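Report on the following structure.
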Amino acid sequence: MRKLLTGFAQIITCNTNGINSKRGNYLSEISALENHSIIIEDGIIKDIIPDSSIKNISAEQNLSFKGKTILPGLIDCHTHTAFAGSRAKEFKEKIAGVHYEEIAKRGGGILTTVNAVRKSSFNDLIEMIKPRVQEFIAQGVTTLEIKSGYGLDFENEIKLLHAINFLNEIYPIDIIPTFLGAHTFPSEYKENHKGYVELIVDKMIPHIAKNNLAEFCDGFCEATAFNSEEIDLIFSSAVKSGLKLKLHTEQFNNVGGLDVAIKHNAVSVDHLEVIAEKDLSRFKDSETAAVLLPGVSLFLDYDFAPARKLIENNAIVALATDYNPGSSHILNLHLIMSLASIKMKMKMEEVINAVTINAAKALNRETTSGSIEPGKNADFAVFDVEDYSEIIYNAGRNLVTHTIKSGEIIFQKQSAA
Ligand code: NIG
Ligand code: FE
């Protein structure tokens, strides 16, 4: 089935000329085309053509998007969308000055959410998560990573991963499951860290890999969570089992996470708020994406990651919401985009590449998603703006009129019929 998409004020292709990621000066190139149309064939982008040659094209369906701007489908490459319960009470304390790590130390934080997840059935979880996924779709998100990490025992980590996989079945977008058993130590292993690492390595990872329940293995390398030796053991086992790697690291402290992640060729390292000056150059020739999460810095009111320095050092910088109940209760990728510009001084063009092609890179999807280039999936976010700068200027406002996945309209704003 051939479709022709016409009428755009701008087509932001994020074209990569086959490189499939952007770094350095190239990160600020988005290729904004005017007077062009898109041809889709069987859910794949076939061509982007000047409007002057439309008359030669025959298509089964013609869709007009007059005056709108189309981007590659947005990609949220780091979320903890699969959670239960609320931590509004703890947030109240945080507002009053209690530190996130302090709350974690006394058994709150992630463990509060773990209690809520353990009490929830599979069906409860699905019903809680569904509206969140729908909200992402309404923002133009066509690829969404979701981590486990709030079960922290065999039964509940597997329950979460099943829920994430089920959501991938019922929604048209790509939902990518990540195993985050190494999020923190559950209370039953508070005094036996070795025992919990063994549980992950000997039982959880083999089962997850055998049943194809996750694509990535993630961990939290922090003073209050897992040390670098523990992450090393977990990553060695994950790689042996065929899982790809991601790591939460350099968020509050620098405890060797970056070394381990780079040693194991992680697909991404995420957070980096406190990355040491001397480590910036490690991204120069690295294919490991640096995923920055400015929502956490806003929500916890602390340092933003040094985006400009990372870009100067040629890192493949991506952006994500880190949507979770504790450190970034922000289900809004558009707000994250504006924050990145305002607080981390990323240029608007850099931001757009960071939530499209580089976010695809951070999920190992860069050859099929993340840019409007022939041969890639016809995944798009259509905005009711005539210039892409409006998207970031309208901080936190959802101007998406259509979300298109594999050539099908999967979300349409009521007034945009
Ligand atoms: O990415 N850093 C640890 N994990 C999450 C927070 C999860 C939570 O507080 O529930 C994060 O910030
Ligand atoms: Fe996170």
Side-chain angles (χ1 to χ4, degrees), residues 76-91 93-94 98-118 128-129 132 144-152 156-157 160 164 176-186 216-227 231 245-255 257-258 261 266-275 289-305 318-331 333 336 339 359 362-363:
D76 197 339
C77 63
H78 180 143
T79 87
H80 305 252
T81 304
F83 64 84
S86 165
R87 286 169 32 205
K89 282 205 186 92
E90 290 179 2
F91 189 57
E93 290 185 65
K94 242 177 270 163
V98 187
H99 195 268
Y100 177 78
E101 282 182 298
E102 181 55 40
I103 293 173
K105 258 186 222 146
R106 59 170 202 234
I110 294 170
L111 294 180
T112 303
T113 306
V114 170
N115 284 333
V117 164
R118 289 182 179 182
M128 283 183 246
I129 305 167
R132 301 174 190 156
L144 176 66
E145 187 255 14
I146 306 183
K147 304 175 196 297
S148 65
Y150 293 119
L152 307 188
N156 288 288
E157 279 299 305
L160 282 172
I164 299 165
I176 300 174
T178 293
F179 168 58
L180 180 58
H183 199 182
T184 193
F185 290 95
F216 292 93
C217 176
D218 197 343
F220 186 23
C221 193
E222 253 307 321
T224 50
F226 292 77
N227 65 36
I231 295 292
L245 305 175
K246 296 180 155 289
L247 189 64
H248 289 69
T249 192
E250 338 292 283
Q251 180 178 2
F252 300 113
N253 300 286
N254 190 326
V255 296
L258 199 55
V267 174
S268 73
V269 284
D270 303 40
H271 277 291
L272 308 179
E273 290 87 343
V274 301
I275 185 172
V291 177
L292 309 185
L293 309 164
V296 180
S297 304
L298 173 76
F299 204 75
L300 299 182
D301 191 21
Y302 77 122
D303 293 346
F304 285 79
L319 288 163
T321 59
D322 196 11
Y323 174 54
N324 76 71
S327 66
S328 178
H329 198 229
I330 302 175
L331 201 175
L333 189 53
I336 299 304
L339 263 183
L363 290 174

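Each ligand, and each atom within it, is numbered from 1 in the order the structure gives. Keep in mind that the numbers below use all heavy atoms, side chains included, and drop hydrogens, waters and symmetry copies. Small disclaimer: the values here were computed from a predicted structure and weren't measured.
- Atom 7 (C) of ligand 1 has its closest protein heavy atom at Y150 OH, 3.2 Å.
- The aromatic rings of H248 and H183 lie tilted to each other, with the angle between the two planes from 30° to 60°.
- No other N/O/S atom of H78 lies as close to the Fe ion (ligand 2) as NE2 does.
- In this structure, the side chains of L333 and T321 come closer than 4.5 Å at one or more pairs of heavy atoms.
- With respect to T178, the side-chain hydrogen bond (donor to acceptor under 3.5 Å, both in side chains) criterion is satisfied by exactly one of K147, H78, E145, H80: E145.
- The distance between the ring centers of F299 and Y323 does not fall below 6.0 angstrom.
- Between NE2 of H248 and NE2 of H80, the angle at the Fe ion (ligand 2) works out to 100°, rounded to 10 degrees.
- Geometrically, ligand 1 and T113 share no nitrogen or oxygen pair separated by less than 3.5 Å.
- Side-chain atoms of R87 do not come within 3.5 Å of backbone N or O of G108 as any donor-acceptor pair.
- The protein heavy atom nearest to atom 12 (O) of ligand 1 is S327 OG, 2.5 Å.
- Within the 3.5 Å criterion, the main-chain N or O of G326 finds a donor-acceptor partner in the side chain of K94.
- Taking every heavy atom of I110 and a limit of under 4.0 angstrom, the matching atoms of ligand 1 come to 7 (C), 8 (C), 9 (O), 10 (O).
- Nearest to atom 11 (C) of ligand 1 among the protein's heavy atoms is D322 OD2, 3.1 Å.
- The shortest heavy-atom distance from H271 to ligand 1 is under 4.0 Å.
- Within the 4.5 Å cutoff, side-chain heavy atoms of V291 are placed close to those of C77.
- For atom 4 (N) of ligand 1, the closest heavy atom belonging to the protein is H183 NE2, 2.8 Å.
- Aromatic ring centres of F252 and Y100 lie closer together than 6.0 Å.
- Nearest protein heavy-atom neighbour of atom 6 (C) of ligand 1: Y100 OH, 3.1 Å.
- Every atom of ligand 1 is numbered from 1 in the order shown, and the set under 4.0 Å from a heavy atom of H78 is 1 (O).
- Nearest to the Fe ion (ligand 2), among the N, O or S atoms that D322 has, is OD1.
- In this structure, L152 and T184 have side chains that are in contact, with non-hydrogen atoms separated by less than 4.5 Å.
- In this structure, atom 2 (N) of ligand 1 lies nearest to the protein heavy atom Q251 OE1, 2.9 Å.
- Here D270 does not reach the Fe ion (ligand 2): none of its N/O/S atoms is less than 2.8 Å from the metal.
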